A.B. asks: 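Please read through the structure below; I'll follow up with questions.
The analysis underlying the following values was restricted to heavy atoms, covering all of them including side chains, and did not include hydrogens, waters or symmetry mates. Keep in mind that what you see is a predicted model, and the values were worked out from it rather than measured.
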Amino acid sequence: MPGTVQSIERAAAILRMLAGGRGRLGLSEIARSLDLAKGTTHGILRTLQGVGFVEQDRGSGQYQLGAALLHLGTSYLDINELRSRSINWADPLAARSGEAVRIGTVLEGQALVVHHVFRPDDTFQTLDVGALLPLHATALGKVLIAYRAGPVPADLPAYTRKTLTAPRELAAALDQVREHGWAADVEEFTLGQAAVAAPIRGYGGLVIGAIGVSGQVERICDSHYHPHPHLVTSVRDAARAISRDLGAARR
């Protein structure tokens, strides 16, 4: 049996160290902790940075885990990374729109809400973090399912009379999501409620999550039940900003 590859072992050790450390770590600290020469450590870090697994802070020169690790699955790290990168944009979106903001990702065939900002008023609201939403009946879910491979599932449950359950109708709606870059849900999951969402992309352009606003239909939509253009623009701008933070190219 062939032996192990030393450079890969060292790279893995650096990634584990960054994952278990408190914030960013400097070159000297990493090299000293792993008993490696600075030149060797720097070369491995440069390689990991080149593939997006490690990022270097421009100000301090220290290193942290990179957004490209989001490609490796839907682990706890993925969810935390998505949430942490989104927080700075979710609060301003709630303030500008006057509506609640939710961020979600796919988990076991549903949309998992990983972050929720309350609507900025004094009304009673319930925290949705951890909630699982249907992919076919919510704006967040439609964004997430639109960019995933595979056929549209059949036998989908209807939550209201407006829920899209026919595979052909849902497939057409998902085509529109991909064409326009955003999705809407107007009373498809809950009567009297509407939502708008847009995709969050990670390194390489992969859609890893979605961000959206939700609220009463009369606030989200016009008299023809079309989402207000300024809300669509605000949601898409926030999604692009988060995507840039996660390493996606400008679109």
A.B. asks: Measure the acute angle between the ring planes of His116 and Phe118, then classify it against the limits of 30° and 60° as parallel, tilted or perpendicular.
C.D. replies: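 Rings of His116 and Phe118: perpendicular, as their planes differ by over 60°.
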
A.B. asks: Which pair of heavy atoms, one from Ser86 and one from Ile200, lies closest together, and at what distance?
C.D. replies: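 Scanning both residues, the minimum pair turns out to be OG-CD1, 4.1 Å.
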
A.B. asks: Check whether Thr138 reaches the backbone of Gly141 with its side chain - one donor and one acceptor, N or O, closer than 3.5 Å.
C.D. replies: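 Checked: pair present.
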
A.B. asks: Counting only N and O atoms by type, is there a donor-acceptor contact under 3.5 Å from the side chain of Gln110 to the main-chain atoms of Pro134?
C.D. replies: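 Such a contact is absent between Gln110 side chain and Pro134 backbone.
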
A.B. asks: Would the number of heavy atoms belonging to other residues, nucleotides or ligands and lying under 6.0 Å from CZ of Arg46 be above 12?
C.D. replies: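 Not buried by this count: 12 neighbours or fewer within 6.0 Å.
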
A.B. asks: Should Ile30 and Val51 be regarded as members of a common hydrophobic cluster, given that ILVMFWY residues are connected when their side-chain heavy atoms come within less than 4.5 Å of each other, either directly or indirectly?
C.D. replies: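 Linked within one cluster.
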
A.B. asks: Hydrophobic clustering (ILVMFWY, side-chain heavy atoms < 4.5 Å, transitive) - are Leu156 and Val186 grouped together?
C.D. replies: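 No, Val186 and Leu156 fall in different hydrophobic clusters.
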
A.B. asks: Can you confirm whether Lys38 is buried at NZ, in the sense that more than 12 heavy atoms of other residues, nucleotides or ligands lie under 6.0 Å from that atom?
C.D. replies: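 No.
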
A.B. asks: Can you check whether Val177 reaches Tyr147 side chain to side chain, under 4.5 Å on heavy atoms?
C.D. replies: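 With C-beta onward as the side chain, the pair touches.
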
A.B. asks: Would you call Glu188-Lys142 a salt bridge at under 4.0 Å N-O?
C.D. replies: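 Counted as a salt bridge, because a side-chain N and a carboxylate O are separated by less than 4.0 Å.
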
A.B. asks: Are any of the side-chain heavy atoms of Leu45 and Ile14 separated by less than 4.5 Å?
C.D. replies: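 Yes; the side chains approach each other to less than 4.5 Å.
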
A.B. asks: Are the side chain of His42 and the backbone N or O of Ala31 linked by a donor-acceptor pair below 3.5 Å?
C.D. replies: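 Not confirmed, His42 side chain does not pair with Ala31 backbone.
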
A.B. asks: Are any side-chain N or O atoms of Arg102 and backbone N or O atoms of Gly212, one a donor and one an acceptor, separated by less than 3.5 Å?
C.D. replies: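 A pair under 3.5 Å: no.
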
A.B. asks: Indicate if Leu231 and Val217 have the same hydrophobic cluster label, given that clusters are the connected sets of ILVMFWY residues with side-chain heavy-atom separations under 4.5 angstrom.
C.D. replies: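 Per the 4.5 Å side-chain linkage, Leu231 and Val217 are not co-clustered.
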
A.B. asks: Transitive ILVMFWY cluster of Phe189 at side-chain heavy atoms under 4.5 Å: who else is in it?
C.D. replies: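 Members other than Phe189 - counting any ILVMFWY side chain reachable under 4.5 Å - are Val113, Leu133, Leu140, Tyr159.
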
A.B. asks: Under the salt bridge (charged side-chain N to carboxylate O under 4.0 Å, His left out) test, which residues partner Arg219, sequence neighbours left out?
C.D. replies: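 Checked Arg219 against salt bridge (charged side-chain N to carboxylate O under 4.0 Å, His left out); matches are Glu99.
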
A.B. asks: Donor-acceptor pair, distance only, cut-off 3.5 Å: does the side chain of Asp128 make one with the backbone of Ala131?
C.D. replies: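 Flag not set: sc Asp128 to bb Ala131 has no pair under 3.5 Å.
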
A.B. asks: Determine whether the side chains of Arg32 and Ser28 contain a donor N or O and an acceptor N or O closer than 3.5 Å.
C.D. replies: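 No - no donor-acceptor pair under 3.5 Å links their side chains.
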
A.B. asks: Using modelled atom types only, decide if a donor and an acceptor are shared between the side chain of Thr160 and the backbone of Glu187 within a distance under 3.5 Å.
C.D. replies: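 Indeed, once roles are kept as given, a pair shorter than 3.5 Å links the two residues.
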
A.B. asks: Please round to the nearest 0.5 Å and tell me the distance separating atom CZ of Arg240 and atom CH2 of Trp89.
C.D. replies: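 Rounded to the nearest 0.5 Å, the CZ-CH2 separation comes out at 12.5 Å.
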
A.B. asks: Going by atom types alone, do Ser234 and Asp237 pair a side-chain donor with an acceptor below 3.5 Å?
C.D. replies: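 No.
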
A.B. asks: Evaluate the salt bridge (Lys or Arg N to Asp or Glu O under 4.0 Å) criterion for residues Glu55 and Arg85: first the C-alpha distance (whole Å), next the side-chain angles of each, then the deciding distance (0.1 Å), finally the verdict.
C.D. replies: CA-CA 13 Å; Glu55 295 175 357; Arg85 298 296 182 117; 2.9 Å; yes

